[in-house]
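One structure is given here, and the rest of the page talks about it.
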Amino acid sequence: MSRRLRIHSPAIHYFDMVRRCQSIREAARRLNVASSAVNRQILKLEGEIGTPLFERLPAGLRLTAAGEVFARHVIVVLQDTARVSSELDALQGLRTGHVEIATVSGVTVDLLPCVLERLIERYPRVTVGVTSLGSQAIPEAVVSGQADIGIAFALPRSADLQQLGVGHFRLGAIVAPDHPLAARQEVSFATCAEHRLILAKNELSIHHLLAPVIARSGLRHKASLETSSVELAQQMARRGAGVAFQTRIGIEADLASGALVHLPLTDGGRVVSDLGVYVRSSRYLPVAVDAFVRALCEEIGTRESAELVQLA
C-alpha cells in the first residue's frame with residue numbers, strides 16, 4: 001500500500017489545502033478535521049512568519065504577497081515529499097503513487113487513453129487524475145502544483161516550466177468529406193476564407209497560431225462561428241457547416257473513418273503547432289510521474305513520425 005508521508009508540520013498541509021480551497025471550512029472538510037484546528041494552524045504560521053498569509057474577504061480567502069511567496073515554498077516541499085514517498089515505495093517493489101495531469105482536450109480523445117491504458121496495466125496501483133484545460137491555463141496548473149504534468153500546444157518559453165518532450169504537428173483545415181475543399185492535398189488560408197470559417201477564440205492556442213496567418217493574408221473576413229470549444233468546431237465541420245482548423249491530434253478516429261478530412265495549411269511555409277509535455281522547473285520527479293512523462297513523450301514522438309510519413 002502506498003504511504004502518505006507526514007514528515008512535515010500539519011500547518012504546511014493545512015495551509016496548502018486552504019490555498020487550494022480558498023476557504024477554511026472547505027479545507028477542514030477535505031482534511032476531515034475541525035475548522036478551528038485549521039484556523040489555529042494558519043494563525044500559528046502567520047505568527048511565526050510575522051505577517052498575514054491570507055486576505056479575509058467576503059467571498060473567501062486570497063493569498064497575500066507573503067502568502068504567494070510561502071506558497072511557492074510549500075509546493076516544492078510537498079512535491080518533494082511525494083517524490084520521496086514514491087521512491088521508498090519503488091524500493092519495495094510496490095510501484096505506487098499518484099499522477100495529476102492537466103491537458104488540452106484534443107489529447108484526451110486518443111493519445112492520452114493509449115498511454116493510460118498501457119501504464120495502468122503496468123502500474124495497477126498508480127492512481128491518475130486528469131483535468132482538461134485550454135493551453136493558456138495549463139502553465140499555472142503545473143507551476144501551482146495542481147498538476148504534476150502539463151500537456152499543451154504552442155506554449156511560450158517560461159523559466160517556471162521545463163519542457164521534457166515535444167512533437168511538431170501540422171496545423172490544417174478540417175472539413176467534411178463532401179466539402180468543396182476536401183479533394184485537395186493542402187490549402188491556403190485565403191482559399192479557406194472563400195468558405196464559411198469556424199475560428200477559435202483566444203483561449204485556445206489555435207487562435208494564436210492562426211493570428212499571423214490571418215494578418216498576412218490581408219483578408220477582411222468574419223467567421224460564421226467563433227468558439228473556445230474544440231469539440232464544437234469539430235462537430236460543425238463534420239456537419240459541413242464550415243472550415244475549422246486544428247492538428248490531426250484529437251480527430252484520429254474521424255480521419256480513419258473518413259468523417260473528416262485534414263488539409264495542412266500552406267501559408268508562407270508549413271504552419272506547425274508544438275505539442276509539449278511540461279513539469280515544474282527544477283522539480284525532481286517521483287517514480288510514477290517520471291514513468292508517465294516518458295510514456296507520453298514516446299507516444300508523441302511516435303505520432304509525429306507517423307504524420308511525417310503520411311504527409312511525405
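Throughout, numbering of the chain's residues begins at 1 and tracks the sequence.
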| query | Hey, mind stepping through R216 and V213 against side-chain contact (heavy atoms from CB on, under 4.5 Å) and telling me if it holds? | reply | CA-CA 5 Å; R216 285 196 302 269; V213 174; 3.7 Å; yes
Decide yes or no for [X] and [Y]: does some side-chain heavy atom of the first lie under 4.5 Å from some side-chain heavy atom of the second?
X: V74; Y: H13; value: no
X: P124; Y: I120; value: no
X: I75; Y: V143; value: no
X: V166; Y: V277; value: no
X: T131; Y: T103; value: no
X: I251; Y: V109; value: no
X: V272; Y: L209; value: no
X: V261; Y: I174; value: no

| said: Please determine whether side-chain contact (heavy atoms from CB on, under 4.5 Å) holds for the pair I149 and L296, giving the CA-CA distance in whole Å, both sets of side-chain angles, and the decisive distance to 0.1 Å. | reply: CA-CA 10 Å; I149 302 170; L296 284 165; 4.0 Å; yes
| task | With sequence neighbours excluded, tell me which residues meet salt bridge (charged side-chain N to carboxylate O under 4.0 Å, His left out) with R118. | result |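 Checked R118 against salt bridge (charged side-chain N to carboxylate O under 4.0 Å, His left out); matches are E299.
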| field | Results of salt bridge (charged side-chain N to carboxylate O under 4.0 Å, His left out) for E194 - residues two or more places apart only | value |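 Not a single residue meets the salt bridge (charged side-chain N to carboxylate O under 4.0 Å, His left out) criterion with E194.
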How close do [X] and [Y] get, heavy atom to heavy atom, and via which atoms?
X: A154; Y: S205; value: CB-CB, 4.0 Å
X: A182; Y: L263; value: O-CD2, 4.2 Å
X: R19; Y: S144; value: NH2-O, 3.2 Å
X: V187; Y: A173; value: CG1-CB, 4.0 Å
X: H208; Y: Q136; value: CD2-NE2, 3.9 Å

| query | Does R238 pair with D254 as a salt bridge, N-O distance under 4.0 Å? | reply |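 A salt bridge is present here (some side-chain N lies under 4.0 Å from a carboxylate O).
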| message | I'd like to know if D110 and R303 make a salt bridge, using a cut-off of under 4.0 Å between side-chain N and carboxylate O. | response |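 Yes, this pair counts.
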| task | Could you note down all residue pairs passing ring-ring contact (aromatic ring centres under 6.0 Å, His included) where residues 231-282 supplies at least one of them, sequence neighbours left out? | result |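 As it turns out, the ring-ring contact (aromatic ring centres under 6.0 Å, His included) pairs with a partner in residues 231-282, which skip direct neighbours, are F189-F245.
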| request: Using the test ring pair (Phe, Tyr, Trp, His ring centres under 6.0 Å), find all partners of H179 that sit at least two apart in sequence or belong to another chain. | output: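 So H179 forms a ring pair (Phe, Tyr, Trp, His ring centres under 6.0 Å) with H195.
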| Mind checking what makes ring pair (Phe, Tyr, Trp, His ring centres under 6.0 Å) contact with F169, not counting sequence neighbours? |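 Once residues adjacent in sequence are excluded, F169 has no partner under the ring pair (Phe, Tyr, Trp, His ring centres under 6.0 Å) criterion.
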Output all residues satisfying side chain to side chain contact (heavy atoms under 4.5 Å, CB included) with [X], sequence neighbours left out; order by chain, then residue number.
X: A190; result: S188, L219
X: I138; result: A102, V104, L133, V142, A152
X: D290; result: L285, R294

| query | Passes side-chain contact (heavy atoms from CB on, under 4.5 Å), L197 versus C192? Steps please. | reply | CA-CA 7 Å; L197 296 179; C192 293; 4.1 Å; yes
Give, for atom [atom1] of [X] and atom [atom2] of [Y], the distance between the pair rounded to the nearest 0.5 Å.
X: E26; Y: S35; atom1: CD; atom2: OG; value: 10.0 Å
X: I300; Y: I249; atom1: CD1; atom2: CD1; value: 7.5 Å
X: I198; Y: L232; atom1: CD1; atom2: CG; value: 7.5 Å
X: H207; Y: K201; atom1: NE2; atom2: NZ; value: 11.0 Å
X: L255; Y: L260; atom1: CG; atom2: CG; value: 6.5 Å
X: S23; Y: R30; atom1: OG; atom2: CZ; value: 9.0 Å

Between [X] and [Y], is there shared hydrophobic-cluster membership here, with clusters defined by ILVMFWY side-chain heavy atoms closer than 4.5 Å?
X: V243; Y: V230; value: no
X: F70; Y: I42; value: yes
X: L53; Y: M17; value: yes
X: V99; Y: L112; value: yes
X: L111; Y: L155; value: yes

| With distance as the sole test, does E252 use its side chain to make a donor-acceptor pair with the main-chain N or O of G250 at under 3.5 Å? |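 Answer holds: yes.
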| query | Backbone N or O of R196 within a donor-acceptor pair of the S224 side chain at under 3.5 Å? | reply |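 Not a single qualifying donor-acceptor pair exists.
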| said: With side-chain hydrogen bond (donor to acceptor under 3.5 Å, both in side chains) as the rule and sequence neighbours excluded, what pairs involving residues 45-66 come up? | reply: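 Found E46-R56, E55-R62.
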Any pair counted as salt bridge (Lys or Arg N to Asp or Glu O under 4.0 Å), so long as it reaches [range], sequence neighbours left out:
range: residues 127-139; result: none
range: residues 137-161; result: D148-R283
range: residues 165-180; result: R170-E186

| query | Where does the angle between the aromatic ring planes of F15 and F54 fall among parallel (under 30°), tilted (30 to 60°) and perpendicular (over 60°)? | reply |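 Geometry flag for F54 against F15: tilted rings.
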| query | If we ignore angles and hydrogens, is there a donor and acceptor under 3.5 Å between the side chains of D274 and H168? | reply |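 Checked: D274/H168 side chains pair up, N/O donor to acceptor below 3.5 Å.
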| said: Pair I101, V128 - check side-chain contact (heavy atoms from CB on, under 4.5 Å), show working. | reply: CA-CA 8 Å; I101 301 171; V128 183; 4.1 Å; yes
| request: Kindly state whether the ring of F292 and the ring of Y123 have centres lying under 6.0 angstrom apart. | output: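 No, too far apart.
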